Amino acid sequence: MSTRPSLEIAVRASAVLGEGPTWDAAAGRLIWVDILSSRVHGYDPATGRRTTLATEQHVGAAKPRAGGGLVVNLRDGIGIYGADGGFDWLLREPVPGRRGNDAAVAPDGSLWAGTMRYDEAAGGGTLSRVGSDGSPTEILPEVTVSNGIGWSPDGRLMYYIDTPTRRIDVFDVDPDMGAAAGADGPAVSGRRPFAEVEEGAGFPDGLCVDADGAVWVALWDGAAIRRYAPDGTLDRVVELPFPRPTACAFGGADLTDLYLTSARVGLGASAPPLAGSLLVIEGAGQGLAQPAFAG
């Protein structure tokens, strides 16, 4: 079950808090962020070209937009960058001591964006659905560290992590229930544990779902990523050369390469050389095409 596959260095970096890898199919590049350095990075594996976009606030996540550009989960809300690089706020709702964290685009093109307090106070964050027009719907109040979000291949299940719980939870997705309640978009219900990370194995952080419906999750302070089968059983552990992997995503032209982000924050002089870099496991599995934000 435990393996050491061939890890390649995609981008050697010293990210303070690397996060949120996302394959931008239209641009043929991997997008990832360094939250605490306020940077959005781009990497084209075909050419090796790298780009960096500086944001004015800490940036928890960046996702491609259908019309070009990016949607970003910032300290004070949701912003959009046009294809020309111009910036506008889509939803601005600052809360002192709170920032945006992980986010994901749902099959319907909406952005599901999490927040957390800088001091990680219990219940200080939320998970919200943000429509293409910026209209928010709070899905979960009183979250502590809102993290990994993903959907099953058929879109009927949503996976979610509130890191201190040590759980990956799963929800049922019902498009009709949302419409019946007057909501703009599908509703989720039936929250229940999908898998739990045992004491001493680290904390679940970012996740992605592959074409088989299995869930891959990065283990903060666990020096590993795990793959859980669709029934929640653990079937693979990949050991990593740094203690703080943060998230994973499939990318490349055929979506078979698994990209991993990592962090150096809190490690000090003991940080391993590759901590903060973007790594890739070529041919790790088959990923799912990710939708772009509709706004």
Side-chain angles (χ1 to χ4, degrees), residues 1-15 17-23 30-33 43 45 102 104 147-153 159-161 163 166-170 194-267 270-288 290:
M1 184 181 298
S2 182
T3 62
R4 287 183 178 271
S6 177
L7 289 165
E8 303 292 337
I9 302 170
V11 176
R12 186 181 294 274
S14 298
L17 185 52
E19 263 285 6
T22 302
W23 182 250
L30 195 287
I31 300 168
W32 57 290
V33 302
Y43 168 67
D102 203 1
N147 253 317
I149 311 160
W151 287 264
S152 60
Y159 301 94
Y160 176 71
I161 290 170
T163 292
R166 293 185 180 274
R167 294 194 317 269
I168 305 166
D169 288 341
V170 61
F194 169 73
E196 187 165 354
V197 177
E198 68 275 14
E199 188 81 25
F203 294 85
D205 199 330
L207 65 77
C208 68
V209 183
D210 67 23
D212 294 327
V215 178
W216 296 75
V217 59
L219 297 183
W220 176 273
D221 281 343
I225 57 171
R226 289 182 173 184
R227 182 182 190 265
Y228 290 92
D231 64 359
T233 58
L234 178 62
D235 72 354
R236 195 177 310 172
V237 178
V238 179
E239 299 176 14
L240 300 173
F242 38 65
R244 292 187 165 174
T246 55
C248 51
F250 282 94
D254 53 4
L255 297 176
T256 58
D257 300 332
L258 187 67
Y259 286 89
L260 315 170
T261 49
S262 61
R264 298 180 69 85
V265 65
L267 298 180
S270 65
L274 290 181
S277 292
L278 176 71
L279 300 188
V280 61
I281 305 172
E282 296 181 354
Q286 181 61 58
L288 294 168
Q290 297 299 298

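Computed from a predicted model, the values in this text were never measured in an experiment. Excluded from the calculations below are hydrogen atoms, water molecules and symmetry mates; all remaining heavy atoms, backbone and side chain alike, are included.
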Legend entry - CA sep, side-chain torsions, deciding dist, call: T256, E282, side-chain contact (heavy atoms from CB on, under 4.5 Å): CA-CA 7 Å; T256 58; E282 296 181 354; over 6 Å; no

Any chance you could measure [X], atom [atom1], to [Y], atom [atom2], to the nearest 0.5 Å?
X	Y	atom1	atom2	answer
R264	S277	CZ	OG	8.0 Å
L260	I281	CG	CD1	5.0 Å
I168	F194	CD1	CZ	6.5 Å
I9	L274	CD1	CG	4.5 Å
D257	L279	CG	CG	12.5 Å
C248	L240	SG	CG	9.5 Å

Inset, instruction - Could you check if a side-chain atom of C208 sits within less than 4.5 angstrom of a side-chain atom of L288, using non-hydrogen atoms only? - result: no

Inset, instruction - Check whether any side-chain heavy atom of P243 lies under 4.5 Å from a side-chain heavy atom of P272, and answer yes or no. - result: yes

Minimal non-hydrogen separation, [X] against [Y], with atom names:
X	Y	result
S152	Y159	N-CE1, 4.1 Å
A284	L258	CB-CB, 3.7 Å
L207	Y160	CD2-N, 4.5 Å
P21	W32	CA-CB, 4.1 Å
S262	G276	OG-N, 2.8 Å
V217	P204	CG2-CB, 3.9 Å

Inset, instruction - Would you sort out whether L30 and V280 count as a side-chain contact (heavy atoms from CB on, under 4.5 Å), showing the intermediate values? - result: CA-CA 11 Å; L30 195 287; V280 61; over 6 Å; no

Legend entry - Exam field: side chain E198 to backbone R166, donor-acceptor pair closer than 3.5 Å: no

Inset, instruction - Keeping the roles fixed (side chain from R244, backbone from V265), state whether a donor-acceptor pair exists under 3.5 Å. - result: yes

Residues in side chain to side chain contact (heavy atoms under 4.5 Å, CB included) contact with [X], at least two apart in sequence or another chain:
X	result
R227	D210, D212, A214, W216, D235, R236
T246	L17, E19, D205, W220, T261, A263
E196	R167

Inset, instruction - Please state whether the rings of Y259 and W23 are parallel, tilted or perpendicular, taking 30° and 60° as the class boundaries. - result: parallel

